[in-house]
Every structure is written in structure tokens, then in C-alpha cells.
Amino acid sequence: MIQMKTPPLRDAILRHLTYSFGKDPEHAILEDWRMALSYAVRDRIVDAWFKATERTYDTGAKRVYYLSMEFLIGRLLEDGIVNLELVDEAKAALAEFSKDYNEVLTDEPDAALGNGGLGRLAACFLESLSTIGCPAHGYGIRYEHGLFRQSFVDGRQIEQPELWLGQRHAWEFERPEVRYRIGFGGHVDTRGETVRWYPSEEVEAEAFDTPVVGWKGRWANTLRLWSGRAIHPFDLDAFNHGDYAKAAAPEALARTISRVLYPDDTTEQGKELRLKQEYFLTGAALRDILRRFNNQFGDLRRLPEKVAIQLNDTHPAIAGPELIRILHDERGIPFDESMEIARNTLSYTNHTLLPEALESWGEALFGRLLPRHIQIIDQIDFTHAQKNPTRTQSMRSDHQVKMGQLSFVMAHHVNGVSALHTELMKTTVFEELHHLHPDRIVNETNGVTPRRWLLACNPRLAGLITEGIGEGWVDDLEQLEKLEPYIEDAGWLERYARVKRANKVELSNWMGQAHGIHVDPDMLFDVQIKRMHEYKRQHLNILEAIAHWQEIRENPDAGWTPRLKLFAGKAAPGYFFAKDIIRLINDAAVVINNDPVTNKYLKIAFLPNYNVSLAERLVPAADLSEQISTAGKEASGTGNMKFALNGAPTVGTLDGANVEIREHVGAENFFLFGMTAEEVMERRTVESHAQKAIEADPRLASALNAIRDGRFSPSEPTRYHNVVGNLEGADYFLVCSDFTDYWRAQREVDTAFADPQGWARMAAFNTARSGWFSSDRTIRGYMADIWKAKSLLDR
Ligand SMILES: CCc1ccc([C@H](C)CC(=O)N[C@@H]2O[C@H](CO)[C@@H](O)[C@H](O)[C@H]2O)cc1
């Protein structure tokens, strides 16, 4: 590999400004500086990338392939600079040209190629795989439009297309030589043993590579994103006949497949284009994986030994039938053997138990689009049933193809994403399959990367930590427990509290300048940021805020702890109930924030367009982390981990990873409330459980009355009748039944926060004891329990 001397960052920036962007410092615009700095940083990442690739080939190491329809990456420039430990050098270089470091960083658009938890987890996992030095590829789709931009008009969510590729993008390398034809539709021809699929439509998948660098730039893996291209992009004949639209149609049609990310994160729409996207990603990825394998190892029977493919939920589940199709139809390996090779290569992660989120495709649509695959799925089902005669369920029932069942049967391991979730998988959605295959389900509790979610987003806290215990924690996060002795030192605790306050001042200034929201940084910053969904119960939060407001109005001098309730989160465009909750929060904010009696004690703000970059601003400045989902519904949560690491104690239920966070940080440093998952099941059986709860709690009743009577929608008093009607009626997510205990917990928070030293202790213990929630620990779990993959970086 050619060795080139690494020039000082300043020189590299100037060289790229001049020769890559043809600008001199005088005429360069902000984007030019961002691109020049990005290229200068990228150069160093490419060096690590080449070394990693070479080492992987030299050692013949096993490779991990992470297939995901979503990678919620966010920005990459700061991540590169921090992982290469170039922060000071970059700041100095830019300062020399009187450019502001943060201004340059925030010029980069977020790569919003995901909806929420599942997509962000995939991004954290890639960064941890590189930090650990485990050879891996991420495979996804290069959506032209990521998750929609959210804005509010009259308190209502408005969606606009997201245009990240509208600006120059520094972090991808187009690979015109890496293209695969992906077929759809058509028919299957069976002659004796040989079965051939003849697609009626084909699109080309072209690769775009993004290097993913790890801590200290010791390793870098590849994120390969596929973009749709037409095989015959331009119909000259149509053009010559003046039918320009028809002439351009082939290209437009092909690009449709990678045009936009589906914005649903819990309800599968069963749309044909979504299934085409899933097969487009999976088909191209498997072609690419087998090409690389063949070049290195050849004998496909060794595939499980050298390749581990992880399915990020059921979205790439077609990988099972597709791998069998290639091994059996194209390479002539007997069906059963092909099925075993495939199963020993594939493993599947489940991220939700919500019935509406479990993918199942109509057999008509599935059969028309993938006629050979549905045959293979039947044969898989048959083969599996033969080996498991007691089996009652099937992956093909009531004219649906059940992707969860298929993923389970075609995987050597299936994992949940928190201890509670994994247990619930065994007793609910996968009960029968768990019974038949008792060793297949394992748990790998989620994690988050400490580089982005502590070192980069909270440099004040990171500095205080490193000063105390050195920097080893950055890639060995459980070293944070070495902070515990410092917590007993009042002086150090004072400094810890000052870090949080400085972060809150910074956020307050930004909220003032960016959104005209003016808040007192000494208020308790109570934060709920995540996708909008009934099971996440943002409506429980605003209901408590309204009851709190009413209580303050009744006795304003009761010595209330001033609190700012901060919300952020997008609702899927078709999810009207969630959109009503957004509007209710905005409507309530108008009334409550302008109430002169109460607004020094309680303020509400809903920040628009929640994304990775906004989370990086909010998490370091939070005092309280709202994790209030109905127990049994949030598979894990990962925001909860980011808040704990950044010193924001949790008010939450025993749901998902909250259970493990409370175990690690200590029950005394966690504000627990609400029913357990078992109690939830029990409470649901109680006739009109919501009414009973309302009758038992006048605060709840009066808050509901205020909403119903249009207190927050004077121009349309009936605006929230459906919301209140649901809560007083079915209330499936038990908002009313958990309200009283939630109120109790929040008053405990008020009391605790009124004691700054006591609060700082709780916050510091959350930081010191959350090291286990590093995605490095999670990935090491996958490597040991599921992938049997090794790190190539000597530790
Ligand atoms: C087909 C539509 C669709 C799209 C995305 C999804 C995802 C599974 C939803 C999701 O993001 N789940 C979240 O995954 C996180 C990472 O494991 C967990 O921490 C969250 O608890 C879970 O809700 C379901 C259905």
C-alpha cells in the first residue's frame, strides 16, 4: 500500500480548498470550508480504511454484514474529527482563517436515512464495529430523500421533503464499477430439477461507499448504500418523437426505488414499493457478499465459517429465500443443504412486539413481485414443519407471508434488544418457535456509542471525566465507575453541576436565537425526545403538565420547582392521533407559557424537526429523562441510555432497558413509577379501567376536562374530543391508570431537584454507572454469542 506523509491539517484544508474546490480563502463560502475540512479529515480516514481492508484480506478473517433499511447517521464531520482526535488542530486551523469551528460543523446536513431507534442503533453499531476492529460492512439504501423535515403551522406538524443531497456530500465514494441487476415480477420456469426465474422488470443497484472510522482512527469499515439506476436510462426514440417525459421515464422509474425513506416506524403499510426496496437492498447486498466470498474462499459450503449476516428486524428478511435461490437455483446445491448453509449464515434481531409493526405481506403482491421466492418460502415452511411435526403456526397463513416467522426459522440465532423484551419475545410473538428451538433466542441489550453521545456532544463533561480518570473510558466505558470516589468530593460535584448548567445556558441561548424560545437555564429541564407514538405516551406527559399548571394556578406560592417541559419528535404522516398529540402540546404551550401566574414555574416547548443533531444539543443539557412508555411496549429505548450517561436521571416505567438502567445506576438514582408489564396485562382485563382511574384522581379528571372543554383550543373547542374520548374510553396504553403514580414521581423529582447537591449526586451516579450501555459492549456480545467474529485490533 502506498505510504504518503500526512500533512498538517491546516495545509490539507488549504490544499483541498484550492485544488478540490477551486477557491482561495477570500472567496470561499462556508460550505467550501466545510468541504475542505471534510476532505482533509477524510484523507486520514481513507488511510485507516485501506489498512483495515488489506488486513482483513491478509488474515482471511470472518466478516460481519449488517443489513438494514435504515442508518440514521446524522452528521459525519465532527465524528471524524473526534475519532481522529483532531478537535484542537481543526479549531486552530479554522481560527487562522477566522472561521468558527461550530459554524462550519453545523453547515453539514444530517444524513437522516432512518426513522428512529432501529436506524440510529445501526449507526452506533457500525462505529463500534470499527472501534473494536471487527471486519464489517453495513448495507443499506442511499435514499435521495431521508426522513421528512418537520415544521409547525398553527401547532400542526407539516412534512416537507428532506434534501440532504441538495448540498455537496463529502463522505461518499461512488462505485460505478459495482452494479448489480435486481429483478422483479415475471415468471418461474421449472424443468425437472432446474428452476429458473425470469423477472419481467430489472433495475440496477449502484454502490456508494462511506468509510466508518473508529476511535483513534485505528480501523475503518465500509457502509455501502445502494442507489437505483436504469439499465437503459434514456429512451432516445421517444425523445426523437418529442415525448420527453417518456424519454426520461426509465431513469425516473429506476430512481424511484431509492428515492425516499418510508417514514413509518411502527406500522407496516404493505406498500409494493416498500417490498421492492427491501428486495433491492437484500438482493444487491447478497450478490456483493457472495462475489467477495467467492474471490477469497470459493467453496460456498464454508459460507457460515467466513460470513455472518445480521438482519436488522424483518425488513431484509427476504435474505433467507434469496440466499437459498442463489445456492440452489443458480449454484445447484440441494435445497435442504442450501437452507442449512443459509440458516447458519443468517441471524435476526427483533426490535418490536407491536402487532402492527410485524411485517406480513399479502401473498398476491408477494407472489407477483417475487414469484420464485414465495415458492421457496413454502418449501422452507414445509421442510421446517417436517422436522417439527408439532408445529401449528406457519409463515404462510390467512393469505399473508409472515416475515417474523420466516426470519426466525431462517436464522441460527434470534435476539431481542433488552432483557425484558427478549423474555417477552419468548412468551408472546415467538412462543411456539421458542418452544421448538429453545436455544435460538438470546438477548443483546442495546447500547450507544460514547464517542458521539458523550465525548463529542458533551465536551465539558468529557473533559471533567478525562481529567479525573484519564481517557481510557472512551473505548472502555465501564471505566466510568472510577468516578464514584469523586462523587463524594463536594468540590468535584460542584464542578459536575457547573458543567450541566453551562450546557443548559448554551441550549437556552440556542433556543432563543434559533426559535425565539426564551427560558431560564435554572429551571429543571425535563426532556422527552423520541418518535411520537401512543405507547411512548407523550400524552401522559402533557396531561401531567396541564394538571401541574392547574395546581400552580390554585396555589402559586406553594414553592414550586421551576420546570421546563421540552418535547421533540416526528409523527408518521398518516398517524393522525400522534399528530393530534403534537398539536395539543403546542396549543397547551401557548396558554401555559403566557400565563403570568404560572410561567415562571412551568414552561412548555416543542422543538421542530427532531433529528440526530438536535438530540446532540438536547441530551447534554437535560436534567430529567422521560422514559414513560406502557410497560412491555418499548423494546429497549436508546435515548434513555444517552440521558443517563450525560447525567440526566430517569423518570420511567419498568419497560425495555429502563429495567437494566435502574439496576446499574441504583434504584435510589431512578424515579420509578407505574405498572409492570404483568400488571399492565392484568389492568387491561379490568372493565372501564380508565373511568375508574379518572374517578379516583380529581387532578386527572380536571386536566381531561380542560382539554375537552377547549381550554387550549378556544377557536375550536371540540378539537381534542377524539383524544379525550380515547383516554376516557379504551385507553389501550393505560395513560389514566398510570397517571396518579406518575404525578407522585414527578413531585418527588421536584423535591429532589430542589436540593442541588443531592441532585448532582444522583446525576453523577447515573454517569458513573451507565458505562455498560456502550454499544461497544453490545457489539462484543453479538461477536461472541452470535457472529463468532474476532477483532483484528490487538488490545
Ligand atoms: C415496517 C415499518 C417499521 C419500521 C421500523 C420499525 C422499527 C422496528 C421501529 C423501531 O425503531 N424500533 C425501536 O428499535 C430500537 C432499537 O432496538 C429500540 O430501542 C426501541 O425500543 C424500538 O421501538 C418497525 C416497523
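Note that ligands are numbered from 1 as they come in the structure, with each ligand's atoms numbered from 1 the same way.
Between L406 and the options T314, I377, I318, a side chain to side chain contact (heavy atoms under 4.5 Å, CB included) holds for only I377.
Taking every heavy atom of both residues into account, V651 and E626 meet most closely at CG1-OE1, 3.5 Å. The two residues A622 and A648 make their nearest non-hydrogen contact at O-CB, 3.5 Å. For the pair A568 and F606, the tightest heavy-atom approach, listed with the atom from each and the gap, is CA-CE2, 3.7 Å.
A salt bridge is defined here as a Lys NZ or Arg NE, NH1 or NH2 lying under 4.0 Å from an Asp or Glu carboxylate O, and R451 with D776 meets this definition. The existence of a salt bridge linking K565 and D526 is confirmed by a sub-4.0 Å separation between a basic side-chain nitrogen and an acidic carboxylate oxygen.
By the 4.0 Å heavy-atom criterion, G656 is excluded from the residues contacting ligand 1. Assignment of M69 to the shell around ligand 1 is not supported, since no heavy atom sits closer than 4.0 Å. Residue contact annotation: D264 has a non-hydrogen atom under 4.0 Å from ligand 1.
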Inset, instruction - Take K530 and Q627 through the side chain to side chain donor-acceptor pair (under 3.5 Å) test and state the conclusion after the steps. - result: CA-CA 10 Å; K530 51 189 72 225; Q627 309 299 331; 2.7 Å; yes
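Under a 4.0 Å criterion applied to the non-hydrogen atoms of Y535, ligand 1 contributes the atoms 23 (O). Within ligand 1, the atoms closer than 4.0 Å to a non-hydrogen atom of D265 are 3 (C), 4 (C), 5 (C), 6 (C), 7 (C), 9 (C), 24 (C), 25 (C), numbered from 1 in the order shown. With ligand atoms numbered from 1 in the order given, ligand 1 contributes 18 (C), 19 (O), 20 (C), 21 (O) to contacts under 4.0 Å with heavy atoms of G637. Numbered from 1 in the order shown, with element, the atoms of ligand 1 that lie under 4.0 Å from a heavy atom of E634 read 20 (C), 21 (O), 22 (C), 23 (O).
If you look at T349 next to ligand 1, there are no close heavy atoms at all, none under 4.0 Å.
The distance criterion of under 3.5 Å between nitrogen or oxygen atoms is met by A635 with respect to ligand 1. Considering both main-chain and side-chain atoms, L118 comes within under 3.5 Å of ligand 1 through a nitrogen or oxygen pair. For ligand 1, the polar-atom distance check finds an N/O of S636 within less than 3.5 Å of one of the ligand's N/O atoms. The shortest N/O to N/O separation between D313 and ligand 1 does not fall below 3.5 Å. The shortest N or O to N or O distance between V417 and ligand 1 is not under 3.5 Å. Backbone and side-chain nitrogen or oxygen atoms of E70 are examined, and none is located within less than 3.5 angstrom of a nitrogen or oxygen of ligand 1. Residue N446 has at least one nitrogen or oxygen atom sitting less than 3.5 Å from a nitrogen or oxygen atom of ligand 1, judged on distance alone.
Considering only heavy atoms from C-beta on, Y742 stays 4.5 Å or farther from D738 through its side chain. Using a 4.5 Å cut-off on side-chain heavy atoms (C-beta onward), E663 and F670 make no contact.
Among residues two or more places apart in sequence or in another chain, the salt bridge (Lys or Arg N to Asp or Glu O under 4.0 Å) test is passed with E678 by none. Considering only residues two or more places apart in sequence or on other chains, R683 meets the salt bridge (Lys or Arg N to Asp or Glu O under 4.0 Å) condition with none of them.
Heavy-atom proximity to atom 12 (N) of ligand 1, evaluated over H351, K271, E356, R120, is greatest for H351. Residue G117 holds the heavy atom nearest to atom 15 (C) of ligand 1 of all those in A657, A122, G117.
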